Every structure is written in structure tokens, then in C-alpha cells.
There are 2 protein chains.
Amino acid sequence: MNIGEASERSGVSAKMIRYYEGVGLLPSAARRTNGYRDFGDQEVALLQFVRRTRDLGFSLEEVSTLLALWSDKKRPSREVKRLAEAHIADLERRIREMRAVMKTLRGLAQHCHGDERSDCPILDDLAAPRRTTVRPAKRR
Amino acid sequence: MNIGEASERSGVSAKMIRYYEGVGLLPSAARRTNGYRDFGDQEVALLQFVRRTRDLGFSLEEVSTLLALWSDKKRPSREVKRLAEAHIADLERRIREMRAVMKTLRGLAQHCHGDERSDCPILDDLAAPRRTTVRPAKRR
DNA sequence: GTTGACCTTCCCATTGTGGGAAGGTGCAGG
DNA sequence: CCTGCACCTTCCCACAATGGGAAGGTCAAC
């Protein structure tokens, strides 16, 4: 099948299919005589795997690792589980950071009457914070 | 003062100070005869404002709006509050999405024994999901 | 044979940040 | 005075992952 149909079936855009191939995440697709890429059900399954792992927030780097683990029938399941749990921990950390920011923002918004008047504690605090402003660490 | 000291005092890297100036987020800094940028306390205060709003997760676009609102003494505080609350809502939405992903991941990891054995329900599910796989919407 | 829907590659933009090169400046110690 | 070092300048590159779009080839239907 052509790239368009593979895209529809897998939920990965044609653009991204070519990109994944280009960066070596996926093996180069077979070509027809006219130069068009030719996909089979197996390639579509691979693309679906990639889409699902991407949907779960894994980076392409991690997807690559998962693909390798997937094709290695003898690897211990421990490795896969470790990757999944590291990702969960990362999500937890980021959620904690975002919650801290929300707390600060809610505190600021609460004191701002938010009407026609011009004085605004939010801006005042951004200019010279009183107490609980959040300084998050490096993002990944 | 030189850019290095302004950077230290504001917590914004010299690189970013130049970048902010370049994209028009901040007015062009004054120059000495030797071509060096020259910063005063007022400029440092501006940089600190930017750093704090960035720490709260506002985009440069939003920081720009906040700077404009800050310097406009007559604007209604409603506008500022609206921006802050939109940002809070955005954080809430993203957290909800991440929680959904975590739920899926936890479910998968739970069924994986994670030891020397090679069979792994996580990979099996990524290859052909049984039920609760998450398809999040567009990120911003 | 033309039209329209495909496909191909290639380049550019995004967001915000850092790295690093090549070159000028300023100060301190020998 | 010279040397070295720490600072400054601009400019280009890279990142991660994706989309937009141009310029051109192909195929099928009418």
C-alpha cells in the first residue's frame, strides 16, 4: 500500500513516517519501481506501535529503545518495566511542578479583583514577589 | 553594569538577555562607547519580571502581553486576571492528560512481572492494545 | 490527453535554550 | 610594554518533533 493508506491505518502522518525513516527510527520502507514507498501489514503494525508509545509520551529515543526491546525476544521484561516506571516517575515529577505553579498562580489571581480597576496584585507580585513564588528546576 | 552582572542579578542568562532583546521582548539596552551593553537597576527589574513570569510557565508571547499590561497603568486588572486564569486552566488540562497517561502506564506496568522472564504485557499491549490506551489531544 | 489526487525530495518555521567560534576590550601582574 | 585572562560582541548551529509548502514525477479515470 502507499504511504497515504499506511498513514490512515496507523494514525501516523505521512510526513512523520518519512521522518521516522529518515532518522533511523524505522527501517527504510521498500520501494516500488516508480519510487513510491510500499507498506505491508507488518510495517503498519510497526507504525501503530510507534504511535501508541508516542501517545503515552515516550520520546523518540525511548520509542527506539522500546522497539529494540520488542524485537529482542530474549530480553528480560525487567528492562521494559524499568523504562515504563521511569516514565511514570517523570510524569509525577512534572505534575508536582505544575501543581506548585498552579498554587502560586491561584494565590495571585485570588487577590486580584479582576474588574475595571487598574491596580493588580498579580503584576505587583511578578515585579517584586512577596513570598511563595516558584522556581522550578530544569525541564527535560 | 555589564551583561554578566545583570545576568547574575536577574537570574536570566546573558544568552537569553540578548535573545529577548533580539526578538523585541525587551527594549534594546543602552551601549557604552566600547559596544558593551549597559544595564541599570530598572533593566534588571525588567529582567526579573520576565524570569518570574517564565518560571510560572508563561510563553514569551504571554510574557510580552504581561509586560505591556504592566507598563499600561490604566488597563483594567480584569485583563491580567483573565490571562492568569487561562494559564491555570491550561495547566489543569495538561495535568489531566498526564494523569490519564499515567493511569494507562500503571495498568500496563502492573501486569509486567519485571524480572528475568522475557514475556512482557507492556510491549504486547503497545503492539495490540486491549482496551484503555490513551489518545491525547494536540499539545500546545 | 487532461485533470486531480497521489507520491517524491528539499527547505523553512516553530519554542526557548545552550554551545561554540572568531574577534574586540579591559585590567592586572610580570 | 607585553602577556594572559576574563569579559564582551556577533553569528551560526543544534536540539525535539512536527507541520507547511514548493517543485516535480506518477497514476488512474474520464
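All values below were derived from every heavy atom in this structure, side-chain atoms included, with hydrogens, water molecules and symmetry-related copies excluded. This structure is a prediction, so every number in the text was calculated from the model and none was measured. Throughout, protein chains are lettered first and strands after them, A, B, ... in sequence-line order, and every chain is numbered starting at 1.
Contact check of residues 13-24 of chain B against DNA chain C (heavy atom, cut-off under 4.0 Å) returns B:Ser13, B:Lys15, B:Met16, B:Tyr19, B:Tyr20. Of the residues in residues 28-36 of chain B, those placing a heavy atom less than 4.0 Å from an atom of DNA chain C are B:Asn34, B:Tyr36, in numerical order.
Counting only heavy atoms from C-beta outward, the side chains of A:Asp115 and B:Ser77 approach each other to under 4.5 Å. Counting heavy atoms from C-beta on, the side chains of A:Arg54 and A:Tyr20 come closer than 4.5 Å. Using a 4.5 Å heavy-atom threshold, the side chains of A:Arg9 and A:Met1 count as touching. By the 4.5 Å heavy-atom criterion applied to side chains, B:Ser118 and A:Lys74 are not counted as neighbours. The shortest distance between side-chain heavy atoms of A:Glu5 and A:Phe39 does not fall below 4.5 Å. Looking at heavy atoms from C-beta onward, B:Leu105 lies out of side-chain contact with B:Ile122 at the 4.5 angstrom threshold.
Regarding contacts with the backbone of C:dT9, a side-chain N or O of A:Arg37 is found under 4.0 angstrom from either OP1 or OP2.
Linking ILVMFWY residues whenever their side-chain heavy atoms come closer than 4.5 Å, directly or via other members, places A:Leu83 and B:Met98 in the same cluster.
Closest to the A:Asn2 side chain, of the nucleotides D:dC8, C:dC7, C:dT17, is C:dC7.
A:His111 and A:Asp125 form no side-chain donor-acceptor contact under 3.5 Å, judged by distance and modelled atom types alone.
Residue B:Glu5 contributes atom CD, which lies 15 Å from atom C1' of D:dA6 at whole-angstrom precision. The distance between atom CD of A:Glu8 and atom C1' of C:dA5, rounded to the nearest whole Å, is 13 Å. In this structure, CD1 of A:Ile3 is placed 8 Å from C1' of C:dC7, rounded to the nearest angstrom. In this structure, CE of A:Met1 is placed 22 Å from P of C:dA5, rounded to the nearest angstrom. When rounded to the nearest whole Å, the span between CG of B:Leu26 and P of C:dG16 equals 14 Å.
For A:Asp119, the CG atom sits in a packed shell: over 12 heavy atoms of surrounding residues, nucleotides or ligands are nearer than 6.0 Å. Other residues, nucleotides and ligands place no more than 12 heavy atoms under 6.0 Å from the CZ atom of A:Arg99.
Interatomic distance, CZ of B:Arg18 versus CG of B:Leu26, reported as 13.5 Å (0.5 Å rounding).
Recorded end-axis angle for the helix from C:dG1-D:dC30 to C:dG30-D:dC1 stands at 30°, based on five pairs per end and rounded to 10 degrees.
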